[in-house]
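What follows is a set of notes on a single structure, which appears directly below.
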Amino acid sequence: MTRKLLVTSALPYANGPIHIGHLVEYLQTDIWVRFQKAVGNECRYFCADDTHGTPIMIRAKAEEITPEALIDRVHSEHYGDFTGFGIEFDNYYTTHSEENRKFSEMIYTRASEAGVITKKKIQQAYDEQEKMWLPDRYIQGTCPRCKAADQYGDSCDSCGAHYQTTELIDPVSTVSGNPPILRESTHYFFQLSQYEDALKELFKAGYIQDSVQNKLDEWFDVGLKDWDISRDGPYFGFKIPDTEDKYFYVWLDAPIGYMASIKNYCDKNGLDFEDLWNGDEYEIYHFIGKDIMYFHALFWPAVLMSANLRMPNKLFVHGFLTVNGQKMSKSKGTFIKASTYLKHLDPQYLRYYYASKLTSGVGDIDLSIEDFINRVNSDLVGKLANLASRSGPMLTKKLDGMLGTLDAEGRKLVDALIAAKDEIADCYENLNYAAAIRKISALADVCNKYVEEHQPWTTIKTDSEGTRTTLTAILNAVKVLTIYLKPVLPEFAVKIEQFLAVDPLAFADVDTVLENHKINKFVRLIERIEKEKVEAMVEESKEQTAPQQATQITLNEPLAAECEFDDFMKVDMRVAKIANASAVEGADKLLQLELDIGGVTKNVFAGISKAYKPEDLAGRLVLCVANLKPRKMRFGISEPPDKRRFCNEKNNRRNRAAG
RNA sequence: GGCGGCGUAGCUCAGUUGGUUAGAGCAUGGGAUUCAUAAGCCCAGGGUCAGUGGUUCGAAUCCACUCGCCGCUACCA
């Protein structure tokens, strides 16, 4: 039975470039869509740029262009990046479209009629000079708890405190540099709590993965709050009907962009949108990252309910990407943009590697650079590509490129591969790509053993027809493996199709056998990853962060003379927390520090008062040599050394995957 | 603090409803080969399944607690 499927990935925000973290989602989705198409389902893949909101406005202003010009440019950049990675949308649209405006207005109007929109007066920061309202992120000031400077309006990166913007000390607008004022305004709210029971029913019916359910239960326990869906102008977005100066909050119209993209596609292709979106013929699936679960598991279905529209069938949630076990980092060069990757490496490597790690779970997946190189080179190149390479050329060079027929043994080999069909299909269907790849890799092992046992390079000298039979089995095996891999490696598959001189392979073609068939000259399928290219990519991704105190101190000082390992072993270095810091009366450069090295407190004098204020130091972490002999100084005893290095406070801002 | 997730070989990860001696790939060591993209094949070493205590005839798997790492905590996007 042919299923009809509509599939979406989260809409990337038009505020920045696509990076390898985003690609987890788009590749996961693309592989699923390609699989569905390969098994003969009618499947369409939709996406769009998410284009509204304050960050877009501010970014455009900074670049001295209009928001429209910005989002047009970013749209083509995003689309180019996706295309470069073989991600094939049926439509890649934009939320800044008439379709989206109409749907947003329609849904809002219906929600109003349903009585779930309320108005409330709220206090919000306002920049008088720029004449704009300020989201918390655009206000900086000193943390009320730890006194760290330049913290965002909602929380402190330094000590992790959460607070109200109004509690911030000396707040300034990052847009104008002036202190914001508080102003009252009426906002529109969507009463999410009205849909609590309906949402619970939806989840019971299987809208989400089990692991996501736990998280949702947590949210239900705390209680669903009303959702602020309006923003005051100036705001780049859609004006709310029957208001003077109110706009839909970007997160309201973003998911509606799924509908707009589909509508736009329908109009271009002579299809009826109502059939696709509201009929019961089509299944709808959303792929998202776990950071935007709240929006897609709660708000989005509730909004659809309020407008009396159908529910999507399922939400597929994936985890984040880490690189070498850590968050992507600009300074380490692991914050790799899609465009940077494409300059250095073949996109198929990443498609294969992600596929080899993706499961249906919401756990994070790790891109270990070393593992990435090893895995691609040994599995993809060494086993799979090499299998074709060690059989194809022999047939074309020495046996006229003509396949023969399968003997009993060959039939057995090919049947063994075919037998895995349903299992592999299930793996793809259930998003367990890692298992599919493991299975395919194991099958490739079987094939390579087959080659080893039949030694065509020996038999070719005496028995050309027997060799033809052997190679016929191997090349049929290559064909089956290629079909299994095709959702992951479309380009690779095209090369094999050309080489085998067959029409584009579909999943059902695993059952057919190529016999007495002329093939074409073998072309190299894929190159090995060169470590140097990966290194160059990482190097190019390293962003020189603005000179900071910490890096200045370490980088500007020349290295001391080399020391022996034994000398190094004598040094007991500990991370210490500054419990207290105070100026030393009568000293020019000294600060007195109380260092907590895990229960034990050390008194230290440090000549760093030119670079640090005592009040900035409390709570910070430093590296200290804990076993340095105490030394009497003019102002007291300094226990560990008077020289130390200040650790970089770790950057807690996550690189958002989508939205 | 509350909640959630994770912790299995040097690395990256599988381990189905609890069931023999815990698996794979890579990496490492040895061997036999040479068709092939210095690939492929055979053999080997390597794990107190984070720890402790329970339930059970039987626990990597279920329960409790401890430790470690990560995330969320509804603000912004």
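Here is the naming used below: chain letters follow the sequence lines, and residue numbers restart at 1 for every chain.
Nucleotide B/G5 holds its P atom 20 Å from the CD1 atom of A/Ile365, rounded to whole Å. In this structure, A/Asp49 places its CG atom 15 Å from C1' of B/A77, rounding to the nearest Å.
When both distances must be under 3.5 Å, the Watson-Crick or G-U wobble mate of B/U48 does not exist. Pairing for B/C3 goes to B/G71, judged as Watson-Crick or G-U wobble with the two contacts each under 3.5 Å. Nucleotide B/C76 forms a pair with no other nucleotide shown, judged by Watson-Crick or G-U wobble geometry with both contacts under 3.5 Å. When Watson-Crick and G-U wobble pairs are counted only if both distances are under 3.5 Å, B/G25 pairs with B/C11. Across all strands shown, B/U16 forms no Watson-Crick or G-U wobble pair with both key distances under 3.5 Å. B/U55: no Watson-Crick or G-U partner with both key distances under 3.5 Å is found in any strand.
Nearest nucleotide to the side chain of A/Ile526, out of B/U37, B/G40, B/A77: B/U37. Of the listed nucleotides (B/C26, B/U37, B/C35), B/C35 has the atom at the smallest distance from the side chain of A/Met394. In this structure, of B/U12, B/G25, B/U37, it is B/U12 that holds the atom nearest to the side chain of A/Asp366. In the set B/G40, B/U12, B/U37, B/U37 carries the atom at the smallest distance from any side-chain atom of A/Phe522. For A/Asn386, taking side-chain heavy atoms from C-beta onward, the closest of the listed nucleotides B/C11, B/C41, B/A39 is B/A39. The side chain of A/Asp364 sits closest to B/C70 out of B/U12, B/C42, B/C70. Residue A/Trp457 has its side chain nearest to B/C35 when only B/U37, B/A77, B/C35 are considered. Closest contact between the side chain of A/Asn448 and the listed nucleotides B/G40, B/A77, B/G25 involves B/G40. Comparing B/U34, B/C70, B/A77 against the side chain of A/Lys327 picks out B/C70 as the nearest.
Mapping A/Lys398 and A/Arg375 onto RNA chain B by nearest heavy atom places A/Arg375 at the nucleotide closer to the 5' end. The 5' end of RNA chain B is approached more closely, in terms of each residue's nearest nucleotide, by A/Arg438 than by the other of A/Pro135 and A/Arg438.
Contacts of A/Ser389 with the nucleic acid, taken as non-hydrogen atoms under 4.0 Å apart, include base atoms. Using a 4.0 Å heavy-atom distance criterion, A/Phe220 is classed as making no nucleic acid contact. Among the atoms of the strands shown, none is found under 4.0 Å from any heavy atom of A/Asn377.
Comparing the P positions of B/A22 and B/A64 gives an interatomic distance of 27 Å, to the nearest angstrom. Using atom C1' as the reference point in both B/G47 and B/A9, the two lie 5 Å apart (nearest Å).
Between A/Ile460 and the options A/Leu395, A/Leu399, A/Leu471, A/Thr470, a side-chain contact (heavy atoms from CB on, under 4.5 Å) holds for only A/Leu399. Among the candidates A/Tyr26, A/Phe335, A/Phe320, A/Tyr13, the single residue satisfying the ring-ring contact (aromatic ring centres under 6.0 Å, His included) test with A/His19 is A/Phe335. For the side-chain hydrogen bond (donor to acceptor under 3.5 Å, both in side chains) with A/Thr51, the qualifying choice from A/Asn15, A/Asn100, A/Asp253, A/Thr95 is A/Thr95, the only one to do so.
Distances shorter than 4.0 Å separate none of the side-chain N or O atoms of A/Arg528 from OP1 or OP2 on B/A36.
Side-chain contact between A/Glu527 and A/Asp346 is absent, with no heavy-atom pair separated by less than 4.5 Å. Between A/Tyr433 and A/Thr359, the closest side-chain pair of non-hydrogen atoms is not below 4.5 Å.
For a distance-only test at 3.5 Å, the side chain of A/Asn374 fails to qualify as a donor-acceptor partner of the base of B/A27.
Using a 4.0 Å cut-off between a side-chain N of Lys or Arg and a carboxylate O of Asp or Glu, A/Asp226 and A/Lys120 qualify as a salt bridge.
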